[in-house]
Amino acid sequence: MTVIEYVKGDATAPRGKGVRIVAHVCNDLGGWGKGFVLAVSRRWPEPEAAYRRWRRERAANDFGLGAAQFVQVSSWLWVANLVGQRGVRTGRSTGVPVRYEAIDAALGRLADKAVELEASVHMPRIGCGLAGGTWDRVEPLVRERLVERGISVTVYDFGG
């Protein structure tokens, strides 16, 4: 039975062999400048450029909550930009930007891509940083959408 493997480390340096997809949650504003995306951009410029273009050209594409964009950064490695956050948290914000239903929909798209590529999925605790979500709500979505389809998932806790 497939399980989620939890490790200490950097999700932008995914472990293992074969095709790997690094997944993370983005907002629906086109903002890319805080949190895990900074680590993504330090490692690869393509996901940020693709995300910004996707947002800019949204009138002609599927950009929005629940969408997923897949950017190939090497022959064996992809980055999945999952839109699961409505806006961003500000000093005047009430509530949190995370949208669990959007993460759920995007994870379904990620699962389809992982099956197509025969890939494993690697991620931080998506939706639980700046988006303000809780892993107690996100983990069951990861289990249902990915693990139950037999996709190997590794969750990285940074530091160590």
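- In the hydrophobic clustering of this structure, Trp135 groups with Val147; members are Ile, Leu, Val, Met, Phe, Trp, Tyr whose side-chain heavy atoms approach within less than 4.5 Å, directly or through other members.
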Please evaluate residues Leu146 and Met123 with respect to the criterion side chain to side chain contact (heavy atoms under 4.5 Å, CB included), reporting the C-alpha separation (whole Å), side-chain torsions for both, the decisive distance (0.1 Å), and the verdict.
CA-CA 12 Å; Leu146 301 170; Met123 64 178 71; 4.0 Å; yes

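- Between Ala50 and Gln69, the closest heavy-atom pair is O-NE2, 3.0 Å.
- Ionic pairing of Arg149 and Asp112 is present here: one or more N-O contacts between side-chain nitrogen and carboxylate oxygen are shorter than 4.0 angstrom.
- Checking Gln85 against Asn27 by side-chain atom types alone, no donor-acceptor pair falls below 3.5 Å.
- Looking at Arg20, its side chain never comes within 3.5 Å of a backbone N or O of Ser120 through a donor-acceptor pair.
- Between Val98 and Gly127, the shortest heavy-atom distance links the atoms CG2-O, 3.8 Å.
- Without hydrogens or angle criteria, Arg58 side chain to Arg55 main chain gives a donor-acceptor distance under 3.5 Å.
- Results of the salt bridge (charged side-chain N to carboxylate O under 4.0 Å, His left out) test with Asp104 over Arg109, Arg137, Arg145 single out Arg145 as the only residue that passes.
- Val25 is not listed as a side-chain neighbour of Asn81, based on a closest heavy-atom distance of 4.5 Å or more.
- Looking at every heavy atom in both residues, Trp78 comes nearest to Val19 through CD1-CG1, 4.0 Å.
- Using a 4.5 Å cut-off on side-chain heavy atoms (C-beta onward), Lys113 and Ile151 make no contact.
- Closest approach of Ile126 to Ala23, counting heavy atoms only: CG2-O, 3.7 Å.
- Closest non-hydrogen pair, Ala67 versus Ala106, comes out as O-CB, 3.7 Å.
- Atom-to-atom distance recorded for Tyr6:OH and Thr154:OG1 is 10.5 Å, nearest 0.5 angstrom.
- Side-chain contact check for Val121 versus Ser152: every heavy-atom pair is 4.5 Å or farther apart.
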Would Val83 and Trp54 count as a side chain to side chain contact (heavy atoms under 4.5 Å, CB included) if you check the C-alpha gap in whole Å, the side-chain angles of each, and the deciding distance to 0.1 Å?
CA-CA 11 Å; Val83 184; Trp54 187 33; 3.7 Å; yes

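- If you chain together hydrophobic residues whose side chains sit under 4.5 Å apart, Val142 and Val115 fall into the same group.
- At least one side-chain heavy atom of Pro47 sits under 4.5 Å from a side-chain heavy atom of Val73.
- Between Ile4 and Glu139 the shortest side-chain heavy-atom distance falls below 4.5 Å.
- The aromatic rings of His122 and Tyr156 lie tilted to each other, with the angle between the two planes from 30° to 60°.
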Starting from the C-alpha separation in whole Å, work towards a yes-or-no answer on side chain to side chain contact (heavy atoms under 4.5 Å, CB included) for Leu110 and Phe70.
CA-CA 8 Å; Leu110 172 58; Phe70 303 97; 3.8 Å; yes

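- At a threshold of 4.0 Å, the pair Asp28-Arg86 counts as salt-bridged, since one of the basic side-chain nitrogens sits closer than that to a carboxylate oxygen.
- The shortest heavy-atom contact between Cys128 and Val138 is SG-CG2, 4.1 Å.
- A salt bridge links Arg52 to Glu48: at least one charged side-chain nitrogen sits closer than 4.0 Å to a carboxylate oxygen.
- When hydrophobic clusters are built by joining Ile, Leu, Val, Met, Phe, Trp and Tyr residues whose side-chain heavy atoms come closer than 4.5 Å, directly or via intermediates, Leu117 is grouped together with Leu82.
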Set out, in order, the CA-CA distance, both residues' side-chain angles and the distance that settles side chain to side chain contact (heavy atoms under 4.5 Å, CB included) for Ile103 and Arg99, then state yes or no.
CA-CA 6 Å; Ile103 290 175; Arg99 294 296 180 267; over 6 Å; no

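- Other residues, nucleotides and ligands contribute only 12 or fewer heavy atoms inside 6.0 Å of the CD atom of Glu118.
- Using bins of under 30°, 30° to 60° and over 60° for the plane-to-plane angle, the ring pair Trp32/Tyr51 lands in the tilted bin.
- Between Phe36 and His24, the ring-plane angle classifies as tilted under the 30° and 60° cut-offs.
- Hydrophobic clustering keeps Val37 apart from Val155 (ILVMFWY residues linked when any side-chain heavy atoms are closer than 4.5 Å, directly or through intermediates).
- Taking 4.5 Å as the limit, every side-chain heavy atom of Val79 sits out of range of all side-chain heavy atoms of Ile21.
- Arg43 and Thr12 form a side-chain donor-acceptor contact under 3.5 Å, judged by distance and modelled atom types alone.
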